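Beneath this line is the structure, given in structure tokens, with notes to follow.
For ligands, and for the atoms within them, numbers begin at 1 and follow the listed sequence. As the structure is a computational prediction, the values presented were derived from the model and not from experiment.
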Amino acid sequence: MIYFISICPRSLMDKTVACGASNRSSILLEGTMNLSTPIEEIPRVGLQYQRRLKKLGIKTVQDLFFHFPHRYEDFSKIIPISKAEPGGPFCFQGEILDIKNIYTSRKRMVLTQATIGDKTGKLKVIWFNQPYLINTFKKGDYVCLAGKIAKKGSAKYLSSPAYEKLPTINYKLKTEGLTHTGRLIPVYPETEGLSSRWLRFIVKPLLIKLKNQISDSLPEKIRKKYEFLPLQKAIWQIHFPDSLKLAQEAKKRFAFEELFNLSLFVLRERVKLAREKAIPIPLNLALIKEFTKSLPFKLTDAQKKSAWQILKDLEKPRPMNRLLEGDVGSGKTVVAAMAALNVAKAGFQIAFMAPTEILAKQHYKTLNGFLNPVPYARRDLTKQNAKGLGGGVNIGLITGKESYYDNKKITRKELLRKLEEGKIDILIGTHALVQEGVKFGKLALVILDEQHRFGVEQRARLCQQPKFIPHLLSMTATPIPRTLSLTVFGDLDLSIIDELPKGRKKIITKIVQSKDKKETYNFIRAEVKENRQVFVICPRIEPVKTSPENLDGELSQQVLSWMEVKAVKDEYQKLSKEIFPDLKIGMLHGKMKTQEKEKVMKDFKDKKIDILVSTSVVEVGVDIPNATVMMIEGSEKFGLAQLHQFRGRIGRSDFQSHCFLFTDALGVVTNRRLRALLSCENGFELAEKDLAIRGPGDFSGSRQWGIPDLAMTSLKDIFLVEKVRQIAKKLLEEDPELKKYPLLRKRLKNFGEKIHLE
Ligand code: ADP
Ligand code: MG
């Protein structure tokens, strides 16, 4: 007999769903659920939860099973109450002797106070801000509680323990019996609005019922050779392990498998692409020379080398698949512009996709500036020169809302018509570029800024004649430790700009504590006096929780982003009223309308604003060479790579730039991380440091790449990475189409859909 003994979170109880064990099990055990049942059809997964799960990419029962815990709480040690000592965690079984809520006026807290007793003694229990627990337990209930014993004066109490009801006092601790206490408890990666308790509550009965339906896509002979757990056992043990050793073994299997799949995917993608045809674009050397001469600066050697590699690739009749990696400010755009120019002048089209509207517009301006300099009246370019480039290039812009052509607004319909007729050479845009109805007459090159992959099918979809696959140039400032890129981006060729333009000074970075802020403000005032400009970044706001298991303490994304807006407004107020009443302060946040945002960015660019207070929206790409100070509030809240990105917004001119990291949280780890920024200005090195200090969970961009977490973790193990790659290679040599492994083939297909942009 299997019992489902867990207590419903309040949100579930509100819907007057019965919480009785028998009741729940019967609901879940009935029906015709299977692995592909969508989460909407799982009992007790309401709309809000559906939304939260989907945010994590969890759409089906199977996805839920593959959402793994990242650690375990050991509540397996059950002791008699008389042995309770400060510390723990311990687990107790007993009877509720009394329970009540106490409202404290001072801290506006609700304490739920209970006493439990067993044969050996009694113990006080306190929960904080979970008043609904009073409805969960009543006097006489048997419970299993697990948590730490705290001490106040001479009194001991069990502090905010995890809990579940027991059917009998001497409830046998069979592996499947308990869910939240009395065993190794899975703790899932923290996600706003999805507590581990809730996930356990949903996942466990489903696992019990359906785990036997999961079929193993890992080839049997590989599994046997490396002695991995069989899938069904592994999946149970990773969620509800009998021992840490088994959990570890399960994890090992999945880590291997994810890496293995990733390697197979990358290797196959490479082979697949080599079979496709692309339009070869001859390298027009005279044109490129003319273009380089027209630039107001000299290209760095790294830029030249990357451009050369790209232009050479474009000459081939096979689709280029190249990643251009370069630290922020290294000048990737001009390299892309060169490739685009060469393609446009050969009579073909270019799609240029940017991650945000602000950036799409910036690229529109920049490319117009580089390629059609006349309307932008650059000092050093006469009309004559511009003609040398062959009379300009037609550039269009498309976003979700607007379309531009020849620097004028036009309707979407007109734009799409021009595109199909081939009148637009370069179309820049946001995701709107890949939506229905956008058809290029003769597309030959796709350029992606800050996005990494774009499947062959997706590329084909953009073209009128899908006989040819367009070349792909992907650009990123996310520094990928070199050692990893082979596995993650093995299907892409790499060009690296590892040199900043000449004349750039090293940015001076300082960690500043509150008490020393004043000095920084003085410094900022002096800089503004010198006509320089300043960015102020407000801290990212993270969900606040009153207790680890309390769902209601968590905040919705909506609320969070409003809080970020508030933080920006507060900082704006503070700076403009108290600290710099005489300076011009602007603000920028995600809740502003696009037009408002653009106006602010334009004002900043036109120096009508001295200090721009912003949320992290300025993170990628924005180019304001006159800004020389970056001040980051709550800097410990950001990842190193992200801080590095912020810092990259300054230091884009010959002026000395300064970055101030405000923080009061100087714990050991924070300190080490922030200090890494002081000494290191190279994004690659920083990424490696971040990886070493925090582990790859926070590794910037991993989510963006769609790489599974465990694979990410194992990427740290270079030895394993290499070994897995060899195993994958060998398998493909024996069976390139994976004919003998239909399950695996299917798995890779799904994987590909996830990893590519949709
Ligand atoms: P990122 O690689 O971060 O996208 P951008 O392409 O935005 O960098 O370039 C940053 C700034 O540096 C731009 O203002 C650009 O015009 C300028 N720039 C690019 N290459 C050079 C160079 N070789 N010398 C001087 N300035 C350059
Ligand atoms: Mg850029």
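Not a single heavy atom of G326 sits under 4.0 Å from any atom of ligand 1.
Atom 23 (N) of ligand 1 has its nearest heavy-atom neighbour, among K332, K298, E499, in K298. Considering each of R652, R504, Q645, the one bringing a non-hydrogen atom nearest atom 12 (O) of ligand 1 is R504. Of the candidates G329, A337, P501, A336, it is P501 that places a heavy atom closest to atom 25 (C) of ligand 1.
Of the possible polar contacts, one joining the R652 side chain to the G648 backbone as a donor-acceptor pair under 3.5 Å is found. The backbone N or O of V393 lies less than 3.5 Å from a partner atom in the side chain of N372, making a donor-acceptor pair. With hydrogens and angles disregarded, no donor-acceptor distance shorter than 3.5 Å links the side chain of E499 to the backbone of T300.
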Show your reasoning for whether side chain to side chain contact (heavy atoms under 4.5 Å, CB included) applies to E571 and M631. CA-CA 12 Å; E571 183 77 16; M631 184 182 117; 3.9 Å; yes

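In this structure, R525 is not positioned above the aromatic face of F580 in the sense of NZ or CZ being under 6.0 Å from the six-membered ring centre and within 45° of the axis.
For ligand 1, the atoms closer than 4.0 angstrom to any heavy atom of T300 are 23 (N).
Around atom CZ of R318, no more than 12 heavy atoms belonging to other residues, nucleotides or ligands sit under 6.0 Å away.
Considering backbone and side-chain N/O atoms, F297 never comes within less than 3.5 Å of an N/O atom of ligand 1.
Contact annotation for T333 and ligand 1: heavy atoms of both the backbone and the side chain come within less than 4.0 Å of the ligand. Counting heavy atoms closer than 4.0 Å to ligand 1, residue Q303 contributes side-chain atoms (C-beta onward) but none from N, CA, C or O.
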